[in-house]
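Structure, as structure tokens:
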Amino acid sequence: MPHRASLPVSQEKRRHLRVDYNIPVKISSDHGDILTETKNLSCSGAFCRVSERLEPMTKLKVQLLLPMRKSDKIKPKKISCQGVVIRSQTVPREDYFDTAIFFSDIAPKDSRTINEFVESMIEKKNDGKFN
């Protein structure tokens with residue numbers, strides 16, 4: 001059997017940049033709508049705290065409101081896409097579930113918009129750390 005070298009624990013396995021940022025999000029399934037916010041976000045998915053457990057592989061409609069800067073004003077940009085629950089875990093001693101959502105069907109321009117937002121937030125955080 002071939003030997004497989006394992007990756008260091010600290011090495012990031014994700015393909016897309018992700019930023020910790022609270023974005024308003026509406027999640028809709030056959031069971032109704034849930035209003036919450038992201039804990040982190042990438043162009044391929046979001047991690048949220050949700051008031052009810054959603055089963056893995058549950059199909060969702062997802063609507064995000066990204067705070068986009070235009071000129072000197074911040075205006076919300078609505079992003080709508082389809083998602084799938086990847087993971088839903090109980091948070092000990094809390095009344096919510098940490099839920100990972102993969103964006104299974106998102107327009108390429110919306111994916112680029114999220115990626116640009118994530119990159120700008122990472123750049124902003126890095127600028128703050130090194131000034």
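Excluded from the calculations below are hydrogen atoms, water molecules and symmetry mates; all remaining heavy atoms, backbone and side chain alike, are included.
Between the CD1 atom in Ile114 and the NZ atom in Lys109 there is a gap of 11.5 Å [rounded to 0.5 Å]. To the nearest 0.5 Å, the span separating CG on Asn40 from CE on Met121 amounts to 14.5 Å. If you take CG on Asp33 and NZ on Lys26, they are separated by 4.5 Å, rounding to the nearest 0.5 Å. Atom-to-atom distance recorded for Phe47:CZ and Leu41:CG is 13.0 Å, nearest 0.5 angstrom. Distance check: Glu55 CD to Ser29 OG gives 11.0 Å after rounding to the nearest 0.5 Å. With rounding to the nearest 0.5 Å, the separation of CD1 in Ile34 from CZ in Phe97 is 10.0 Å.
Here the side chain of Ser51 pairs no donor or acceptor atom with the backbone of Asp95 at under 3.5 angstrom. Checking side-chain atoms of Thr90 against main-chain N and O of Pro92 turns up no donor-acceptor pair under 3.5 Å. Between the side chain of Thr99 and the backbone N or O of Ser88, no donor-acceptor pair lies under 3.5 Å.
Salt bridge annotation for Lys39-Asp20: absent, with no cationic side-chain nitrogen under 4.0 angstrom from a carboxylate oxygen.
For the residue pair Cys43 and Ser111, the shortest heavy atom distance occurs at CB-O, 3.3 Å.
Between Lys77 and Ile79, the closest side-chain pair of non-hydrogen atoms falls below 4.5 Å. By the 4.5 Å heavy-atom criterion applied to side chains, Leu64 and Pro24 are not counted as neighbours. Looking at Val62 and Ile101, their side chains come closer than 4.5 Å, going by heavy atoms from C-beta outward. Side-chain contact between Gln82 and Lys59 is absent, with no heavy-atom pair separated by less than 4.5 Å. In this structure the side chain of Ile27 reaches within 4.5 angstrom of the side chain of Val50, judged on heavy atoms.
The hydrophobic cluster containing Phe103 does not contain Leu65, counting ILVMFWY residues as joined when their side-chain heavy atoms lie under 4.5 angstrom apart, directly or transitively. Note on Leu54: it does not cluster hydrophobically with Val84, by side-chain heavy-atom contacts below 4.5 Å among ILVMFWY residues. The hydrophobic cluster containing Phe102 does not contain Leu60, counting ILVMFWY residues as joined when their side-chain heavy atoms lie under 4.5 angstrom apart, directly or transitively. Put simply, Ile23 and Met68 are part of the same group of oily side chains (I, L, V, M, F, W, Y) that touch within less than 4.5 Å, one to the next.
In this structure Pro56 satisfies the side-chain contact (heavy atoms from CB on, under 4.5 Å) test together with Arg53, sequence neighbours excluded.
Residues Asn22 and Glu37 have side chains that bring a donor and an acceptor to within less than 3.5 angstrom of each other.
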- Task: Check step by step if side-chain contact (heavy atoms from CB on, under 4.5 Å) holds for Asp98 and Arg49.
- Result: CA-CA 5 Å; Asp98 280 342; Arg49 290 211 162 147; 2.9 Å; yes
